[in-house]
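Let me begin by presenting the structure, written as structure tokens, before commenting on it.
Proteins come first, then strands; the chains are lettered A, B, ... in the order of their sequence lines, and each starts at number 1.
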Amino acid sequence: DVKVTQSSRYLVKRTGEKVFLECVQDMDHENMFWYRQDPGLGLRLIYFSYDVKMKEKGDIPEGYSVSREKKERFSLILESASTNQTSMYLCASSNQGGETQYFGPGTRLLVL
Amino acid sequence: AQSVTQLDSQVPVFEEAPVELRCNYSSSVSVYLFWYVQYPNQGLQLLLKYLSGSTLVESINGFEAEFNKSQTSFHLRKPSVHISDTAEYFCAVLGTGGFKTIFGAGTRLFVKA
């Protein structure tokens with residue numbers, strides 16, 4: 001079974017803090033994704049990566065950056081957290097040419 | 001570019017009743033279609049998918065969806081729901097050869113005893 005793990009289930013941060021969300025997958029997948037999920041908006045893609053050190057902007061990259069130094073790990077960074085970044089963050093992975101995405105359990109982030 | 005519209009944000013239904021969750025998509029290229037399910041406090045997991053071949057696809061827990069190209073729809077159905085089917089369901093589309101899966105806004109299915 002594919003396993004995608006995220007470093008925290010719940011996180012509370014203050015405005016202006018730098019926040020790191022970590023995601024690790026154990027199936028040697030090439031592609032990894034970060035989404036945010038908000039009620040009524042579904043999932044919106046923040047960034048994705050199709051290889052180590054490669055990244056592509058998704059639909060809502062503003063205020064976020066990512067890092068992929070190793071194939072199994074994809075980090076999402078909030079450089080200076082703001083209250084409008086309070087959300088559920090979901091990481092996913094898929095293999096090259098793979099249509100199915102495998103999701104982690106999510107990190108619920110609250111920015112005060 | 002693709003887009004997905006889930007026509008119902010919430011669907012309440014009694015246990016053992018049939019249910020249909022509606023999904024329409026638009027795309028200028030051929031697509032793959034998916035339904036994902038999210039149980040409370042969990043991530044999404046694949047329920048079923050259409051890639052090619054038979055337009056009727058089924059899941060292991062009794063859900064089915066039919067790809068209708070002329071209507072650009074991929075509605076999800078189950079003839080008899082259980083309490084345990086209470087979850088949020090997301091329809092999604094991926095252009096063939098593409099990277100970005102586009103998700104609908106979700107439909108919250110609430111099964112009542």
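Note on B:Leu94: it does not cluster hydrophobically with B:Val4, by side-chain heavy-atom contacts below 4.5 Å among ILVMFWY residues. Linking ILVMFWY side-chain heavy atoms closer than 4.5 Å, directly or via other members, places A:Val24 and A:Leu11 in two distinct hydrophobic clusters. Note on B:Leu7: it does not cluster hydrophobically with B:Tyr89, by side-chain heavy-atom contacts below 4.5 Å among ILVMFWY residues. Grouping the Ile, Leu, Val, Met, Phe, Trp and Tyr side chains by contacts below 4.5 angstrom, directly or via other members, places B:Leu47 with B:Val31. Linking ILVMFWY side-chain heavy atoms closer than 4.5 Å, directly or via other members, places A:Leu76 and A:Met54 in two distinct hydrophobic clusters.
Residue A:Lys70 qualifies as open at atom NZ: its count of foreign heavy atoms under 6.0 Å is 12 or below. The local environment of CD in B:Glu16 is sparse, with at most 12 non-hydrogen atoms from other residues, nucleotides or ligands closer than 6.0 Å. More than 12 heavy atoms of other residues, nucleotides or ligands shown are found within 6.0 angstrom of CG on A:Leu112.
Considering every non-hydrogen atom in both A:Gly40 and B:Ala105, the closest pair reads O-CB, 3.4 Å. Of all heavy-atom pairs between B:Phe90 and A:Leu43, the closest is CE2-CD1, 3.9 Å.
Interface summary for chain A: among B:Glu88, B:Gln45, B:Gln38, the most heavy-atom pairs under 4.5 angstrom belong to B:Gln38. Ranked by heavy-atom pairs shorter than 4.5 Å toward chain B, the options A:Arg108, A:Arg44, A:Gln101 are led by A:Gln101.
The backbone N or O of B:Leu46 lies less than 3.5 Å from no partner atom in the side chain of A:Tyr102, so there is not a single donor-acceptor pair. Side-chain atoms of A:Arg9 come within 3.5 Å of backbone atoms of B:Asn41 as a donor-acceptor pair (strictly under, hydrogens ignored).
Atom NZ of B:Lys100 sits about 7.0 Å away from atom CZ of A:Phe48, to the nearest 0.5 Å. Taken from CZ in A:Phe103 to OH in B:Tyr36, the straight-line distance is 5.5 Å, to the nearest 0.5 Å.
Heavy atoms of B:Leu44 lying under 4.5 Å from chain A belong to its backbone as well as its side chain. At a 4.5 Å heavy-atom cutoff, B:Gln6 makes no contact with chain A through either its backbone or its side chain. When heavy atoms are compared at a cutoff of 4.5 Å, B:Thr101 approaches chain A by way of both its backbone and its side chain. Contact annotation for A:Tyr89: neither backbone nor side-chain heavy atoms come within less than 4.5 Å of a heavy atom of chain B.
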**OP:** Applying side-chain contact (heavy atoms from CB on, under 4.5 Å), run through A:Glu99 and B:Phe34 and close with a yes or a no.
**Re:** CA-CA 9 Å; A:Glu99 313 81 17; B:Phe34 309 83; 3.6 Å; yes
Original post:
Could you go step by step and tell me if A:Thr100 and B:Tyr32 meet the side-chain contact (heavy atoms from CB on, under 4.5 Å) rule?
Top reply: CA-CA 10 Å; A:Thr100 301; B:Tyr32 301 133; over 6 Å; no
